[in-house]
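Here the structure comes first, spelled out in structure tokens, and everything after it is commentary.
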Amino acid sequence: MMIESWNPPLLHDYSKLSRLQSNRDCSNDGVLMMEELELPMIDLNGLKSGDEREMIRCENAIAKASSEWGFFQVVNHGVSLELLRKMRKEQMKLFKAPFEMKATCGLLNNSYRWGNSTATCPKQFNWSEAFHIPLTKISEAASYGEFTTLRDVMVEYATSMQDLAKSLASVLVRKLDHKDSEIGEICNENSCFLRLNHYPSCQISQEIFGLVPHTDSDFLTILHQDEVGGLQLMKDSKWVAVKPNQNALIVNIGDLFQAWSNDVYKSVEHKVMANGKKERFSIAYFLCPSYDSIIGSCKEPSIYKKFTFGEYRYHIQQDVKLIGHKVGLSRFLQKYLPHTSTKKSLSENH
């Protein structure tokens, strides 16, 4: 198989894991993908129409999809299609840079990563590369090296995604009878991220993950993907493939919104499967709070004990180092923050 000079050494790292695979349980969950579904489609013109009935219908559709699916897609979202095209063009140009440049030149706040350095077996390996950039760093010209045209496009893109994310979060907060600014006040450009993803084609197996099964550890994520597909999510205890739609943006609920909503909104496990013939590109925007923000429930009695985003992120990182993958929200809270008054909180134990 020909290896392009711009791709990271994924085959080398994956093969090494295959040879060193231990007796640990690294098998897949055994749930086969059964069908391809189209996510609930929501036209956001309803939020801007000035017609109260249309606005209520649109808000109800957003809340319903967040509760029943944890995923939905939006059109007429306010992000220009021309901006999406320009961002994709710049993204592709960036990933076609030589691997050594991406890995060693400190591009985009030195945020380049590939594969999974903590993987202990092939089923924990990501057949992908990415730049995971804090919004606070995207305006720094020095971070872009020779990719000077990327900066202006990325700044405009991040601003558009920030506005859309806050608008959707406001709707979800309002539907649970809270002030619509409640989430937006703790989530700003100082705490949010953009992730540029590239999934090279993978000819060695159809069962390799582009991105391993996981939930997102933010409030919500906005994804712009290309036409290749590969995104799958867990629905009714089975994996289903998501039909790609280049003109729509995908929105999914993160762990923090599930905790804040007292399990009304669902953070759903999802993954990306590598494609044997085509490479895939996507960009994700993550709406995150500051690390010291306290995540509590919107109502009592609360299913979860309060925790800070910093505590959650710390233990995600520890679990990834120890077992090669992130544990889910419920397992995190059961393990570290049991909901009884006789147990100490994580911060009291450290």
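One is the number of the first residue; the rest follow in order along the sequence.
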Practice item. Give a yes or no on whether the backbone of S139 and the side-chain of R151 come within a donor-acceptor separation of less than 3.5 Å. Key: yes

Exercise for review: Evaluate ring pair (Phe, Tyr, Trp, His ring centres under 6.0 Å) for H224 paired with Y157, printing each intermediate quantity in order.
Suggested key: CA-CA 11 Å; H224 178 224; Y157 185 91; 7.0 Å; no

Check your understanding: For S128, which residues count as a side-chain hydrogen bond (donor to acceptor under 3.5 Å, both in side chains) partner, sequence neighbours excluded?
Key -> none

Review point. Could you state the interatomic distance from CG (L223) to CG (L231), rounded to the nearest 0.5 Å?
Key: 6.5 Å

**Study point:** N/O donor-acceptor pair under 3.5 Å between K266 side chain and D263 backbone
**Key:** yes

Revision key, fill the gap. For residues 184-202, the salt bridge (Lys or Arg N to Asp or Glu O under 4.0 Å) pairs (sequence neighbours left out) are none

Review point. So, are K137 and E140 salt-bridged, with charged N and O less than 4.0 Å apart?
Key: yes

Review point. So, for A65 and I42, which heavy atoms are closest and what is the spacing to 0.1 Å?
Key: CB-CD1, 4.4 Å

Check your understanding: Given the rule in the side-chain contact (heavy atoms from CB on, under 4.5 Å) test, do N60 and K64 qualify, once you have shown the distances and angles that lead to the verdict?
Key -> CA-CA 6 Å; N60 287 342; K64 184 173 188 285; 6.0 Å; no

Review point. Does E82 CD have over 12 foreign heavy atoms under 6.0 Å away?
Key: yes

Exercise for review: Name all residues meeting the ring-ring contact (aromatic ring centres under 6.0 Å, His included) criterion together with F95; count only those two or more places apart in sequence or in a different chain, and write none if there are none.
Suggested key: F131, H198

**Study point:** Side-chain heavy atoms of L47 within contact of E59, under 4.5 Å
**Key:** yes

Check your understanding: Are the side chain of N126 and the backbone N or O of V212 linked by a donor-acceptor pair below 3.5 Å?
Key -> yes

Check your understanding: Do other residues, nucleotides or ligands put more than 12 heavy atoms under 6.0 Å from the NZ atom of K89?
Key -> no

Review point. Under the 3.5 angstrom rule, does the side chain of Q73 hit a backbone N or O of L39 as a donor-acceptor pair?
Key: yes

Practice item. Could you list the residues that satisfy ring-ring contact (aromatic ring centres under 6.0 Å, His included) with F193, not counting sequence neighbours? Key: H132

Check your understanding: Is it true that L196 and V228 fall in one hydrophobic cluster, defined by side-chain heavy atoms closer than 4.5 Å?
Key -> no

Check your understanding: When you look at I295 and Y312, which way does the side-chain contact (heavy atoms from CB on, under 4.5 Å) test go after all the steps?
Key -> CA-CA 10 Å; I295 311 301; Y312 190 36; over 6 Å; no

Review point. Distance from N76 atom CG to L249 atom CG, nearest 0.5 Å?
Key: 11.0 Å

**Study point:** L84-M41 co-clustered via ILVMFWY side chain contacts under 4.5 Å
**Key:** no

Check your understanding: Should we say atom CZ of R85 is surrounded by more than 12 heavy atoms from elsewhere, each under 6.0 Å from it?
Key -> yes

Practice item. For D216 and H270, indicate whether the former's side chain and the latter's backbone hold a donor-acceptor pair under 3.5 Å. Key: no

Practice item. Provide the closest heavy-atom pair for V242 versus Q225 in the form atom of the first, atom of the second, distance. Key: CG1-NE2, 4.4 Å

Practice item. Spell out, yes or no, whether L94 and V155 are grouped together once hydrophobic residues are joined by side-chain heavy atoms under 4.5 Å, including indirect joins. Key: yes

Review point. Does A165 have any side-chain contact (heavy atoms from CB on, under 4.5 Å) partners at least two apart in sequence or in another chain, and if so, which?
Key: L220, I222, Y285, L287

Review point. If only atom types and distance count, is the side chain of Y144 paired as donor or acceptor with the main-chain N or O of I138 below 3.5 Å?
Key: yes

Check your understanding: Can any side-chain N or O of N262 pair as donor or acceptor with the backbone N or O of S297 at less than 3.5 Å?
Key -> no

Review point. Atom SG of C192 and atom CE of M161: how far apart are they, to the nearest 0.5 Å?
Key: 13.0 Å

Check your understanding: Do V272 and F286 share a hydrophobic cluster, counting only Ile, Leu, Val, Met, Phe, Trp and Tyr and linking them when any side-chain heavy atoms are less than 4.5 Å apart?
Key -> no

Check your understanding: So, for F309 and S217, which heavy atoms are closest and what is the spacing to 0.1 Å?
Key -> CE1-O, 3.0 Å

Practice item. State the CG-OG distance between L176 and S66, to the nearest 0.5 angstrom. Key: 9.5 Å

Point to revise | Nearest atoms (heavy-atom pairs only) where L108 meets S111 | key: O-OG, 2.6 Å

Exercise for review: For I56, look at atom CD1 and say whether over 12 heavy atoms of other residues, nucleotides or ligands are found less than 6.0 Å away.
Suggested key: yes

**Study point:** N247 and V75, any side-chain heavy atoms less than 4.5 Å apart
**Key:** no

Check your understanding: Can you tell me if S143 and N109 form a side-chain donor-acceptor pair at under 3.5 Å?
Key -> no

Point to revise | Side-chain heavy-atom pair E207, K123 within 4.5 angstrom cut-off | key: yes

Point to revise | E311 side chain vs F307 backbone, donor-acceptor pair below 3.5 Å | key: no

Exercise for review: Answer yes or no: is there a side-chain heavy-atom contact under 4.5 Å between V240 and L233?
Suggested key: yes

Check your understanding: Under a 4.5 Å cut-off applied to non-hydrogen side-chain atoms, are T215 and Q258 in contact?
Key -> no

**Study point:** Counterpart residues, ring-ring contact (aromatic ring centres under 6.0 Å, His included), relative to F147 (two or more places apart)
**Key:** none

Practice item. Group every Ile, Leu, Val, Met, Phe, Trp and Tyr by side-chain heavy-atom contacts under 4.5 Å, then state whether V268 and L211 land in the same group. Key: yes

Review point. Given the rule in the side-chain contact (heavy atoms from CB on, under 4.5 Å) test, do L150 and Q91 qualify, once you have shown the distances and angles that lead to the verdict?
Key: CA-CA 8 Å; L150 173 61; Q91 177 189 17; over 6 Å; no

Review point. For S293 and S290, does a side-chain donor sit closer than 3.5 Å to a side-chain acceptor?
Key: yes

Point to revise | Side-chain ion pair, E279 and K96, N-O less than 4.0 Å | key: yes

Practice item. Calculate, to the nearest 0.5 Å, the distance between atoms CG and OG belonging to L172 and S261 respectively. Key: 8.5 Å

Point to revise | Close side-chain approach of E90 to T149, heavy-atom, < 4.5 Å | key: yes

Point to revise | For the student: nearest non-hydrogen atoms of F209 and K271, plus distance | key: CE2-CD, 3.7 Å

Check your understanding: Between K243 and L37, is any pair of side-chain heavy atoms under 4.5 Å apart?
Key -> no

**Study point:** From CA spacing to verdict: side-chain contact (heavy atoms from CB on, under 4.5 Å), F257, V173
**Key:** CA-CA 9 Å; F257 237 143; V173 169; 4.0 Å; yes

Point to revise | Side-chain donor/acceptor of H77 to backbone N/O of L164, under 3.5 Å | key: no

Point to revise | Side-chain (S170) to main-chain (K166) donor-acceptor, under 3.5 angstrom | key: yes

Review point. What are the two closest heavy atoms between P9 and W114, and how far apart are they?
Key: CD-NE1, 3.8 Å

Review point. Are Y199 and S282 side-chain neighbours, meaning at least one heavy-atom pair lies under 4.5 Å?
Key: yes

Practice item. With rounding to the nearest 0.5 Å, note down the distance linking CZ in F219 to CG in L168. Key: 14.0 Å

